[in-house]
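For ligands, and for the atoms within them, numbers begin at 1 and follow the listed sequence. Here the structure is a predicted model, which means the values were calculated and not measured. The residues of the chain are indexed from 1 along the displayed sequence.
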Amino acid sequence: MTEANAAAFAGEVSESSVPGFDAEVDVLVVGTGAGGMTAALKAHDEGGRVLVIEKTDQYGGSSAMSSCLLWLPNNHLMPELGIDDSADDAMTYLRGTTKGAVAEARLEAFVARGPEMLRYLVDQTQVEVVGLPEYPDYYPGIEGSKPGGRSVEPAHFNAKLLGDDFLAMRSQNLQMQVMGRLGMTAVEARMVLTGQPGGIALFAKLIFKYCFDIPWRFRSKRDRNPSGGNALIGMLRLSLRDRDVPIWLKTPARDLLIDDGRVVGLEVEREGRSFRIRAARGVIFAAGGFEGSQPMRDKYLPNPTRAEWTCGNSYNTGEVIEMGIKAGAAVDLMDDAWWGPTSVVPGEEQARMLVIEKSLPGSILVSQQGKRFVNEAAPYVDIVNAMYAHHSDADSCIPAYFVFDATYRKKYMCGPVLQGSATPDWMVRKFFRDGYMKKADTLENLAAQLGVDADGLRDSVERNNEYARTGVDLDFQRGDNIYDQYYGDAKVEPNPCLAPIEKAPFYAIEAFAGELGTKGGLLVDERARVLTTGGEPIPGLYAIGNCSSAVMGRSYPGAGATIGPAATFGYIAALDCLAKNAS
Ligand SMILES: Cc1cc2nc3c(=O)[nH]c(=O)nc-3n(C[C@H](O)[C@H](O)[C@H](O)COP(=O)(O)OP(=O)(O)OC[C@H]3O[C@@H](n4cnc5c(N)ncnc54)[C@H](O)[C@@H]3O)c2cc1C
């Protein structure tokens with residue numbers, strides 16, 4: 001090791017006795033999302049010397065920005081919630097949703113190890129989670145689905161425990177913070193944002209807690225009672241600290257080091273210099289997808305596509321996928337993503353996904369011809385698949401237009417704009433001034449502002465209004481199942497997802513073909529080992545999370561179906577590379 005490199009390592013990891021390396025660990029984890037941190041914890045607890053590296057100056061990635069639900073069928077909280085599940089039911093459901101796109105052995109590994117991974121985190125680390133008995137699987141019509149319980153979410157986290165280290169965590173996406181400040185769990189957000197009983201009192205309590213966090217309030221606007229991604233990543237970070245597992249920020253992976261076909265380490269960059277780190281047992285890529293890379297989006301995703309439409313970490317730019325390809329790895333699902341319609345708010349770094357809004361009554365999503373083209377309350381991935389399927393020169397769907405009336409505006413939120421009863425139009429006029437939200441006295445004038453066909457829009461609204469009266473959406477069956485209704489308004493009858501759009505003024509925002517991250521990446525097996533194009537594992541190389549091809553295939557079976565598998569395969573990868581017989 002050179003003198004300069006020795007100083008930079010500062011004793012956190014061992015020097016390598018093998019010539020040509022600056023340092024040595026057993027397991028080198030690339031990326032600090034929930035999957036990477038889970039892998040690092042388990043690898044440590046299995047007796048490995050572990051180092052985690054992170055490209056940016058903040059840890060947590062998209063995981064920290066997210067709501068961080070984990071979809072884990074047959075988890076140990078379900079019996080306490082009175083919900084029956086089994087590995088067989090989970091496999092039946094996964095076969096139904098993934099439709100043969102994923103090797104059976106990977107699905108089985110996920111189903112078998114997911115509950116074990118959750119138990120491990122809850123019993124042996126600082127992680128605390130809460131089961132969500134009412135959050136249904138996304139496809140209630142598919143055999144093996146459950147009406148709730150498979151999704152769990154982190155409890156609120158006391159971020160005071162992290163001290164200033166909390167500020168080095170990536171902030172949650174603004175969409176996850178009410179008024180750009182308050183952290184809310186999924187359950188709390190549903191109560192507050194869909195106007196459920198108790199929502200206002202809860203909101204007041206959270207504001208009180210936020211305001212009276214003195215003297216922190218004078219230092220930072222970050223909420224030290226975070227939920228979602230900032231809670232789980234905080235708990236994982238604290239657990240790594242308990243174990244003295246180092247995370248090196250500002251340390252991008254640059255190249256795999258390969259000896260005789262085996263991955264033996266990684267060249268990384270630190271403080272402008274190149275370091276060669278030996279990984280005696282394995283390198284685990286956990287570096288997210290390529291949502292932030294416009295060139296990779298252009299190359300792999302359907303068009304049109306823009307990096308500005310992602311809600312995910314814009315620093316996820318796919319380098320490790322390219323490193324794997326260079327080393328002979330196969331890739332899969334590169335044209336796919338964890339899609340969802342997103343809204344781009346001027347001045348905000350990340351797009352917001354329209355998750356709740358699109359199920360709420362008194363709204364529709366239309367194309368440029370003013371036509372509905374999908375059940376708006378369907379899982380978000382299906383909305384964008386429909387956008388691409390219908391997008392053509394004759395009828396553009398990208399962007400589509402989310403249209404609602406004064407009644408919706410008064411009762412419900414839309415993107416960054418809270419319900420009009422709390423924030424009337426004069427309070428949010430900047431959104432009209434900068435063109436984010438359009439408003440007009442008639443549907444015709446709204447159509448003119450949007451460049452949408454007025455006859456088409458009027459026809460769609462009239463049909464919606466008729467369906468709202470009967471409760472049956474004859475075109476797209478909006479509100480027909482428990483998933484659709486989850487974010488509907490239970491007080492609205494006969495269908496909680498349908499209400500007439502009839503009261504002026506009328507409003508609209510644009511909805512783009514966005515995502516929470518891409519889901520194509522290095523092809524892996526059930527042990528998370530990266531496979532070559534010939535189907536052989538590359539010894540010493542693992543991939544998990546969004547830099548691996550998704551175990552969920554082209555589907556999104558339930559809330560948390562990206563982070564649940566990322567953490568599970570992180571756990572599996574750690575076990576595998578430290579197993580005595582590891583290849
Ligand atoms: C607003 C929002 C809400 C969401 N809600 C949920 C949810 O509730 N449940 C769910 O399952 N999913 C959710 N998602 C999706 C989920 O957050 C992501 O799919 C998931 O976090 C990806 O995990 P990952 O470990 O693959 O990547 P990340 O969590 O993004 O971590 C990757 C890390 O690797 C780093 N990195 C990248 N390249 C390099 C390199 N070359 N060298 C070193 N480090 C590198 C990145 O900077 C990043 O910190 C949500 C996403 C968003 C944006």
Side-chain angles (χ1 to χ4, degrees), residues 28-39 52-72 132 135 151-154 169-177 185-186 189 227-230 232-233 236 247-256 266-270 283-293 310-323 337-340 342 349-353 355 380 514-519 521 543-548 550 552 556-570:
L28 179 54
V29 179
V30 181
T32 52
M37 286 194 179
T38 302
V52 186
I53 61 164
E54 162 60 48
K55 164 165 97 170
T56 68
D57 60 359
Q58 292 189 306
Y59 60 90
S62 291
S63 305
M65 296 159 68
S66 77
S67 341
C68 224
L69 271 59
L70 295 95
W71 190 74
L72 296 165
L132 299 176
Y135 212 136
S151 301
V152 303
E153 70 173 331
M169 188 198 303
R170 192 162 296 288
S171 288
Q172 242 174 322
N173 188 308
L174 278 176
Q175 140 170 37
M176 301 295 145
Q177 302 172 50
T185 65
S227 58
N230 265 222
L232 186 69
I233 292 295
L236 293 171
I247 294 183
W248 288 359
L249 300 179
K250 296 191 273 184
T251 307
R254 289 294 185 220
D255 215 350
L256 283 169
L266 202 59
E267 185 182 328
V268 308
E269 187 184 315
R270 196 157 196 233
V283 170
I284 302 178
F285 280 162
F290 58 88
E291 52 272 17
S293 163
T310 187
C311 303
N313 177 19
S314 46
Y315 301 97
N316 289 351
T317 44
E319 303 88 80
V320 302
I321 299 176
E322 287 175 330
M323 285 175 217
W338 304 103
W339 301 117
T342 58
E349 208 177 317
Q350 262 84 32
R352 294 173 183 247
M353 192 167 283
V355 175
Y380 24 91
E515 26 64 34
L516 301 170
T518 53
K519 64 156 61 165
I544 61 161
N546 289 351
C547 58
S548 62
M552 297 293 140
Y556 206 132
T562 91
I563 296 177
T568 302
F569 283 99

With a heavy-atom distance limit of 4.0 Å, tell me whether Ala186 approaches ligand 1 through its side chain, its backbone, both, or neither. neither
Scan side-chain atoms only and decide if Thr56 and Arg170 contain a donor-acceptor pair under the 3.5 Å cut-off. yes
Quick one: does Glu153's side chain get under 4.5 Å of Ser67's, heavy atoms only? no
Reference residue Phe285; test side-chain contact (heavy atoms from CB on, under 4.5 Å); the match among Ile321, Val320, Ile544: Val320
For ligand 1, note which part of Asn313 has a heavy atom under 4.0 Å away: side chain, backbone, both or neither. side chain
Evaluate the side chain to side chain contact (heavy atoms under 4.5 Å, CB included) criterion for residues Ser227 and Gln172: first the C-alpha distance (whole Å), next the side-chain angles of each, then the deciding distance (0.1 Å), finally the verdict. CA-CA 9 Å; Ser227 58; Gln172 242 174 322; 4.3 Å; yes
Would you please determine whether Gly36 falls within less than 4.0 Å of ligand 1 on a heavy-atom basis? no
Atom 27 (O) of ligand 1: the protein heavy-atom neighbour that sits closest, reported with distance to 0.1 Å: Gly288 CA, 3.4 Å
Starting from atom 28 (P) of ligand 1, what is the nearest protein heavy atom, named by residue and atom, and what distance separates them? Ser62 N, 3.5 Å
Could you tell me which atoms of ligand 1, counted from 1 in the order shown, lie closer than 4.0 angstrom to a heavy atom of Thr32? 33 (C), 49 (O)
Could you tell me which atoms of ligand 1, counted from 1 in the order shown, lie closer than 4.0 angstrom to a heavy atom of Ala561? 11 (O)
When distances are taken from atom 9 (N) of ligand 1, the protein heavy atom at minimum range is Leu69 O, 3.0 Å
Does Glu54, backbone or side chain, put an N or O under 3.5 Å from an N or O of ligand 1? yes
If hydrogens are left out, which of Ser63, Ser66, Ala64 has an atom nearest to atom 6 (C) of ligand 1, that is, the closest non-hydrogen atom? Ser66
When you measure from the side chain of Thr518 to the backbone of Phe290, do you find a donor-acceptor pair of N or O atoms at a distance under 3.5 Å? yes
Looking at Pro252, which atoms of ligand 1 are within less than 4.0 Å of one of its heavy atoms? 42 (N)
Check for a donor-acceptor pair, side chain of Asn230 on one end and backbone N or O of Ala64 on the other, with a separation under 3.5 Å. yes
Would you call Val30 and Ile284 a side-chain contact if the rule is heavy atoms closer than 4.5 Å? no
Heavy-atom nearest neighbour in the protein, as seen from atom 18 (C) of ligand 1, with distance rounded to 0.1 Å: Thr562 OG1, 3.4 Å
Do Arg352 and Gln175 get their side chains close enough for a donor-acceptor pair, meaning under 3.5 Å? no
If you define the side chain from C-beta out and look only at heavy atoms, does anything of Thr562 sit under 4.5 Å from Lys519? no
Looking at every non-hydrogen atom in both residues, tell me the closest pair between Pro252 and Ile53 and how far apart they are. C-CD1, 4.4 Å
Heavy atoms only: which of Arg352, Glu291, Lys55, Gln172 lies closest to atom 45 (C) of ligand 1? Lys55
Nearest to atom 37 (C) of ligand 1, what protein heavy atom do you find, and at what distance? Ala287 O, 3.2 Å
Decide, yes or no, whether a salt bridge links Arg254 with Glu269 under the criterion of side-chain N to carboxylate O below 4.0 Å. yes
Contact check: Met65 vs ligand 1, nitrogen or oxygen atoms, below 3.5 angstrom: no
Looking at every non-hydrogen atom in both residues, tell me the closest pair between Ile233 and Ser63 and how far apart they are. CD1-CB, 3.9 Å
The atoms of ligand 1 lying under 4.0 Å from a heavy atom of Thr56, numbered in the order shown, are 47 (O)
Backbone N/O of Gly292 and side chain of Thr317: donor-acceptor pair under 3.5 Å: no
Among all protein heavy atoms in this structure, tell me which lies nearest to atom 52 (C) of ligand 1, with the distance rounded to 0.1 Å. Leu516 CD2, 3.6 Å
Evaluate side chain to side chain contact (heavy atoms under 4.5 Å, CB included) for Met552 paired with Trp338, printing each intermediate quantity in order. CA-CA 10 Å; Met552 297 293 140; Trp338 304 103; 3.9 Å; yes
Ligand 1 contact by Ala566, heavy-atom criterion under 4.0 angstrom: no
If you measure every N/O of Val320 against every N/O of ligand 1, is any gap under 3.5 Å? no
For Gly31, counting its heavy atoms only, list the atoms of ligand 1 lying under 4.0 Å from any of them. 33 (C), 34 (O)
Do you know which two heavy atoms are closest between Ala253 and Leu266, and how far apart they sit? CB-CD2, 3.7 Å
With nothing but distance in play, are any N or O atoms of Gly289 less than 3.5 Å from an N or O of ligand 1? no
Any non-hydrogen atom of Gly60 lying under 4.0 Å from ligand 1? yes
Is the Tyr380 to Trp339 ring centre distance short of 6.0 Å? no
Give me the residue, atom name and distance of the protein heavy atom closest to atom 42 (N) of ligand 1. Ala253 N, 3.0 Å
Contact region, Met176 to ligand 1, non-hydrogen atoms below 4.0 Å, reads side chain
Indicate, as side chain, backbone, both or neither, the part of Asn173 found under 4.0 angstrom from ligand 1 when only non-hydrogen atoms are considered. side chain
Interfacing atoms of ligand 1 (cut-off 4.0 Å, heavy-atom, Gly545): 26 (O)
Near Asn546 (heavy-atom distance under 4.0 Å), the atoms of ligand 1 are 18 (C), 19 (O), 22 (C), 26 (O)
Tell me which protein heavy atom sits closest to atom 11 (O) of ligand 1, plus the residue, atom name and distance to 0.1 Å. Ile563 N, 2.7 Å
Kindly identify the option in Val30, Thr317, Asn316 whose heavy atom sits closest to atom 46 (C) of ligand 1. Asn316
A student checking ligand 1 against Cys311 at a 4.0 Å heavy-atom cut-off should list atoms 53 (C)
Just by distance, with hydrogens left out, do Glu291 and Asn316 show a side-chain donor and acceptor under 3.5 Å apart? yes
